[in-house]
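Contents: one structure, followed by commentary.
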Number of protein chains: 2
Amino acid sequence: MLKLSHETLTDRAYAALKRALTAGDFAPGHALVIRTVAEAYGISPTPIREALQRLVAERMLVLQANRSIVVPFLSARRFEELTRIRCALEGMAAGRAAQRISLRQLRELRDITGDIPDAMERQDVNAYVHLNRAFHFGIYECADSPILLSMIEDLWCQVGPFFTRLFDDAAYVPRANDLHRVILERLAAQDADGVAEAVALDIDTAAICLAPHLENRAEVDAL
Amino acid sequence: MLKLSHETLTDRAYAALKRALTAGDFAPGHALVIRTVAEAYGISPTPIREALQRLVAERMLVLQANRSIVVPFLSARRFEELTRIRCALEGMAAGRAAQRISLRQLRELRDITGDIPDAMERQDVNAYVHLNRAFHFGIYECADSPILLSMIEDLWCQVGPFFTRLFDDAAYVPRANDLHRVILERLAAQDADGVAEAVALDIDTAAICLAPHLENRAEVDAL
DNA sequence: CTCAGTCATATGGTATATCATGTATCATTA
DNA sequence: TAATGATACATGATATACCATATGACTGAG
């Protein structure tokens, strides 16, 4: 029997803050003060504090030397590093997925790519970001490698807040879906190396489009 | 000027617990109860609780469905996965290091490998584990890739508690140092791919020796 | 004897009070 | 006016009190 575990306030605060951060609700540099957030959510500071610490551990927030917790800037250097690591890990996951993916899962991925042009035409950023995420993680989940999957999720969290800006680049989205189709073909052919390569290209392409939209300010000091 | 940030009790508790876990002081399956640990360290439960949560986030501990925090078992499956990811990430870091390492750093690494046979003869497990770590991270630090470095550190934490058992395998240690010398040669030659390959082989070799020593019990459920 | 139910205790979660430290403002002085 | 020091306030860290739930032992019915 599946054990169900109740959600603590820390869990809920964590999820709410993470969602807000991913949606880009807080500007980089913005400080999250425990009491203020606690009041906003109508709970005591303790669970908020713990949720914030959890987000710091995941690098979605950073702890400054003054011990205040702020939304980090994403420096070009850091972004380049994240992209490089993502290419390696997501390529590895996709390669494994190519050797394991079922026809049914392949069909689901095809459906997702089919929906993307629609979201594009409607200029629906949220829908696009959501579909893009579903496509990528639909693949990575097939890798049957839970640790790898969670590491990739962590990395996405760090670039996530900046992801919606991809849509600003009109040239990107159509190209991205072309790349997605290439990925699908190679997945269908169970071409592990080819898939890894295509995924890395997809990531790199997005990165090149995203780079100019990054804030050019110095990165907030990590602890 | 370098900002110095005071250490909180949470930080200290975290460090102390991590050290104990890495040293293998707690057996897998052992539950860490907040009040008990707090009493042992002579502080209040709050910082302990936060330190434990931090360790859970890093997967050095796991949260059970009953919300008790226990030292995880390392299943063969999980160990295999960790090894696979380590080969990729540490290989990548070492490859970058090959293109950046200085003669001075190379010399320091050579000194470390020179000290290892001595630790071996003295049957000094601690010294050996320490030197091995210094050797590997001495390389990875040259990769100039802080996120990658911290990800590798996280992975080491997860296998760390089982690392001391490598010494049980009399055949391993001498082979390991041979592999270290190969790594050094290729680093000196700035052969990035060769270094990555050698590091992966070193990791795999250790994993093969370590596997039989793993507990064969079911993995504790993650949340 | 076995099982179920109940109670006591252990233990995690949350709120709150208090302390320590950082930050900003303002007044005083050179 | 500029620098410096003091004071008040903001805010993070810690301790403690309290609550909810899980666990385990005990008791009584079958």
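Hydrogens, waters and symmetry mates are skipped; everything else that's a heavy atom, side chains included, is used. Small disclaimer: the values here were computed from a predicted structure and weren't measured. Note on naming: letters A, B, ... go to the chains in the order of the sequence lines (proteins, then strands), and numbering restarts at 1 for each one.
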Checklist entry - Does the side-chain contact (heavy atoms from CB on, under 4.5 Å) test come out yes or no for B/Tyr41 and B/Leu9, once each step is laid out? => result CA-CA 10 Å; B/Tyr41 284 96; B/Leu9 286 183; over 6 Å; no
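- For B/Asp118, the salt bridge (Lys or Arg N to Asp or Glu O under 4.0 Å) test picks out B/Arg122, with sequence neighbours left out.
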Next on the checklist: Go through it in stages, so that I can follow the logic: the residues are A/Ser150 and B/Arg59, the test is side-chain hydrogen bond (donor to acceptor under 3.5 Å, both in side chains), and I'd like the CA-CA distance, side-chain angles, deciding distance and then a yes or no.
Outcome noted: CA-CA 11 Å; A/Ser150 73; B/Arg59 299 170 202 286; 2.7 Å; yes
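- Remark: A/Phe137 engages A/Tyr140, A/Trp156 in a ring pair (Phe, Tyr, Trp, His ring centres under 6.0 Å) (not counting sequence neighbours).
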Next on the checklist: Go through it in stages, so that I can follow the logic: the residues are A/Leu74 and A/Leu82, the test is side-chain contact (heavy atoms from CB on, under 4.5 Å), and I'd like the CA-CA distance, side-chain angles, deciding distance and then a yes or no.
Outcome noted: CA-CA 10 Å; A/Leu74 190 56; A/Leu82 284 168; 3.8 Å; yes
Next on the checklist: Treating primed atoms plus P, OP1 and OP2 as sugar-phosphate and everything else as base, which nucleotides of nucleotides 9-15 of chain D get B, S or - for protein heavy atoms under 4.0 Å?
Outcome noted: --BBBBB
